[in-house]
Amino acid sequence: MKVAVVGATGMVGKEMLKQLEERDFPVTDLLPIASEKSAGKIINFKNSFIPVIGIESSLNIRADIALFSAGSDISLKWAPKFSKNGTIVIDNSSAWRMNPNIKLIIPEINSNILTKNDTIIANPNCSTIQMLMVLAPLHNQFGISRLIISTYQSITGTGIKAVNQLENENKNIKGEMAYHYPILKNAIPHCDDFLENGYTKEEMKLVNETHKILSDSKINISATAVRIPVVGGHSESVNVELKKPSNLEEIYKILNSSPGVIVEDNPSENSYPMPIYSEGKNDVFVGRIRKDISKNNAYNMWIVADNLRKGAATNAIQIAEYIKASF
């Protein structure tokens, strides 16, 4: 099986390569693809040293699967070309997520809607993935009427430029800025660009992608996304109002039996999810589950995951695994 990784030298691309190796995906030929300035760099994959190639030269090699993580512009231009050549594209950018003809997939939730005719498949936003891993099982059982979300997002979601900014600020070194303000000892309520409605693109991704994945546009959703000086993963405070009567015992039972979800919730022993412990793990962690004392049939919870793994690379590889097994 020929597998291309477009954006192989980026943070998510490197994680994709690591996941292909860790999960023992059956790669017979790896095509690490990056910008022309990165062409010629050497990738170590399964103890083989493979040169990075440019995207144009890779097109005619006709990969079976191409994992894209090189930004929306690259995906919009090149994904259709790869698809036309017989390659199944799994795209990690926002380019195709809200396209009505493209499936938006979290394998544990809606992989069953994929068919062999889906040659471009969209990977959801990292914040959406970890949230819906927890909420989708509850929605299936009780229905969700409203969500209030606050995210506390790792700088790795911005990329290596943000990681360098934090490292420079820790060392009191002036350098290139990924953000308008210092990130060290700070919290910036600004993830992605602002829109006319006062929300950011990141906040609206949580709204629009949730509606699409759960096939329910009637869920009322409001989100605030904040960038914090953390590397290990994204955290989310979620208030969920359910439609049908429920209780905490049922909530715990459902979440404890949900694949890919780990309930870590014992406040008496200071046990709750934190990004420092989610880093490098593929699961989604949920804790601080409690009834909302201000509203009936509503619950608060705290959801944490490594945004480079389940929020990006792992989810993409899981889609590839499903495609291989099914088609």
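When a residue number appears, it is its place in the shown sequence, counting from 1.
- Contact annotation: the side chain of Ile149 approaches that of Ile221 to within less than 4.5 Å [non-hydrogen atoms, C-beta and beyond].
- Partner of Thr314 under the side-chain hydrogen bond (donor to acceptor under 3.5 Å, both in side chains) criterion, out of Lys281, Glu22, Gln19: Gln19 alone.
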side-chain contact (heavy atoms from CB on, under 4.5 Å) between Leu67 and Asp91, worked out: CA-CA 6 Å; Leu67 306 171; Asp91 181 46; over 6 Å; no
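- Alongside Val226, the hydrophobic cluster contains Tyr152, Ile228, Val230, Trp302, Val304 (criterion: ILVMFWY side chains under 4.5 Å).
- Listed here is the closest heavy atom pair of Gly13 and Val5: O-CG1, 4.0 Å.
- A donor-acceptor pair is defined here as one N or O able to donate and one able to accept, closer than 3.5 Å; such a pair exists between the side chain of His190 and the backbone of Asp192.
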Let me have the donor-acceptor pairs involving side chains of residues 36-45, under 3.5 Å, with sequence neighbours excluded, atom names and distances please.
| from | atom 1 | to | atom 2 | distance (Å) |
| --- | --- | --- | --- | --- |
| Asn44 | OD1 | Asn47 | N | 3.3 |

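- Panel note: side chain Asp193, backbone Lys201; no donor-acceptor pair is recorded below 3.5 Å.
- Between Leu114 and Phe327, the shortest heavy-atom contact is O-CZ, 3.5 Å.
- Residues Trp96 and Ser75 are in side-chain contact: their nearest non-hydrogen atoms beyond the backbone lie under 4.5 Å apart.
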Test side-chain contact (heavy atoms from CB on, under 4.5 Å) applied to Thr119 and Thr87, step by step: CA-CA 7 Å; Thr119 55; Thr87 299; over 6 Å; no
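- Side chain of Ser257 to backbone of Ile254: a donor-acceptor contact under 3.5 angstrom is found.
- Judged by distance alone, with hydrogens and angles left aside, the side-chain atoms of Asn256 form a donor-acceptor pair with the main-chain N or O of Tyr252 at under 3.5 Å.
- By the neighbour-count criterion of 12 heavy atoms within 6.0 Å, atom NZ of Lys324 is sparsely surrounded, having that number or fewer from other residues, nucleotides or ligands.
- Using a 4.5 Å cut-off on side-chain heavy atoms (C-beta onward), Met11 and Thr156 make contact.
- Transitive grouping of hydrophobic side chains (ILVMFWY, heavy atoms separated by less than 4.5 Å) keeps Ile109 and Ile90 in distinct clusters.
- Two different hydrophobic clusters hold Phe194 and Ile188 under the rule that ILVMFWY side chains link at heavy-atom gaps under 4.5 Å.
- The CD1 atom of Ile251 lies 6.0 Å from the CE atom of Met301; values are rounded to the nearest 0.5 Å.
- Between Ser222 and Tyr199, some side-chain heavy-atom pair lies under the 4.5 Å cut-off.
- Connection of Ile317 to Ile120 is not established within any shared hydrophobic cluster, with ILVMFWY side chains joined at heavy-atom distances below 4.5 Å, either directly or through further cluster members.
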side-chain contact (heavy atoms from CB on, under 4.5 Å) between His211 and Ile219, worked out: CA-CA 7 Å; His211 287 161; Ile219 301 173; 4.2 Å; yes
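- Other members of the hydrophobic cluster containing Phe285, listed by chain and number, are Ile262; membership follows side-chain contacts under 4.5 Å among ILVMFWY residues, whether direct or relayed.
- A donor-acceptor distance shorter than 3.5 angstrom exists from the side chain of Gln165 to the backbone of Tyr181, with no hydrogens or angles considered.
- Looking at Ser69, its side chain never comes within 3.5 Å of a backbone N or O of Val12 through a donor-acceptor pair.
- Lys212 contributes a side-chain N or O that, together with a main-chain N or O of Arg97, makes up a donor-acceptor pair within less than 3.5 Å.
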Using atom types as modelled, flag every donor-acceptor pair under 3.5 Å from a side chain in residues 123-139 to any protein atom, sequence neighbours excluded.
| from | atom 1 | to | atom 2 | distance (Å) |
| --- | --- | --- | --- | --- |
| Asn123 | OD1 | Asn315 | ND2 | 2.6 |
| Asn123 | ND2 | Asn92 | OD1 | 2.8 |
| Asn123 | ND2 | Ala312 | O | 2.9 |
| Asn125 | ND2 | Glu202 | OE2 | 3.0 |
| Ser127 | OG | Gln153 | OE1 | 3.2 |
| Ser127 | OG | Glu202 | OE2 | 3.4 |
| Thr128 | OG1 | Glu209 | OE1 | 3.1 |
| Gln130 | NE2 | His234 | O | 3.2 |
| Gln130 | NE2 | Ile303 | O | 3.2 |
| His139 | ND1 | Ile144 | N | 3.0 |

Salt bridge (Lys or Arg N to Asp or Glu O under 4.0 Å) assessment of Lys103 paired with Asp118: CA-CA 8 Å; Lys103 309 282 178 62; Asp118 293 310; 3.0 Å; yes
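- Remark: the backbone N or O of Leu206 is paired with a side-chain donor or acceptor of Thr210 at under 3.5 angstrom.
- The CZ atom of Phe68 lies 10.5 Å from the CE atom of Met16; values are rounded to the nearest 0.5 Å.
- In this structure, the separation between CG on Leu242 and CG on Asn297 is 5.0 Å, given to the nearest 0.5 Å.
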Test side-chain contact (heavy atoms from CB on, under 4.5 Å) applied to Arg309 and Lys18, step by step: CA-CA 10 Å; Arg309 286 216 167 200; Lys18 192 183 298 183; 3.6 Å; yes
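- Remark: Thr9 pairs with no residue by the side-chain hydrogen bond (donor to acceptor under 3.5 Å, both in side chains) rule, at least two apart or across chains.
- The shortest heavy-atom contact between Phe82 and Ile55 is CE1-CG1, 3.9 Å.
- Residue Ile88 holds its CD1 atom at 11.5 Å from CD1 of Ile319, rounded to the nearest 0.5 Å.
- Between the side chains of Gln318 and Lys310, at least one donor N or O lies within less than 3.5 Å of an accepting N or O.
- With hydrogens and angles left out, the side-chain atoms of Asp292 and Asn239 include a donor and acceptor closer than 3.5 Å.
- Pairing each heavy atom of Tyr299 with each of Lys291, the nearest pair is CE2-CG, 3.6 Å.
- Inspection of the Glu167 and Asn170 side chains reveals no N or O donor paired with an N or O acceptor under 3.5 Å.
- Side chains of Met204 and Asn197 form a contact here, defined as non-hydrogen atoms less than 4.5 Å apart.
- Taking the side chain as every heavy atom from C-beta outward, Val6 and Trp78 never approach each other to under 4.5 Å.
- The minimum heavy-atom distance linking Glu203 with Thr224 is given by the pair OE2-CA, 3.4 Å.
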Identify each donor-acceptor pair in which a side-chain atom of residues 269-278 lies under 3.5 Å from a protein atom, sequence neighbours left out, and give them as a table.
| from | atom 1 | to | atom 2 | distance (Å) |
| --- | --- | --- | --- | --- |
| Ser278 | OG | Pro275 | O | 3.1 |

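- Smallest separation of non-hydrogen atoms from Pro229 and Lys185: CG-N, 4.0 Å.
- Interatomic distance, CD of Glu108 versus CG of Asn110, reported as 10.0 Å (0.5 Å rounding).
- For the side-chain contact (heavy atoms from CB on, under 4.5 Å) with Ile50, the lone residue among Leu30, Asp29, Leu31 that qualifies is Leu30.
- Counting only distance, with no hydrogens or angles, the side chain of Asp265 and the backbone of Ile289 share a donor-acceptor pair below 3.5 Å.
- Side-chain contact between Asn300 and Arg288 is absent, with no heavy-atom pair separated by less than 4.5 Å.
- Ile121 and Ile213 fall into different hydrophobic clusters, defined by Ile, Leu, Val, Met, Phe, Trp and Tyr side-chain heavy atoms under 4.5 Å apart, directly or through other members.
- Interatomic distance, Glu321 CD to Ile65 CD1, rounded to the nearest 0.5 Å: 9.5 Å.
- Residues Lys2 and Arg62 fail the side-chain proximity criterion, which asks for heavy atoms closer than 4.5 Å.
- Tracing side-chain contacts under 4.5 Å through hydrophobic residues (I, L, V, M, F, W, Y), one reaches Ile160 starting from Ile183; they form part of the same cluster.
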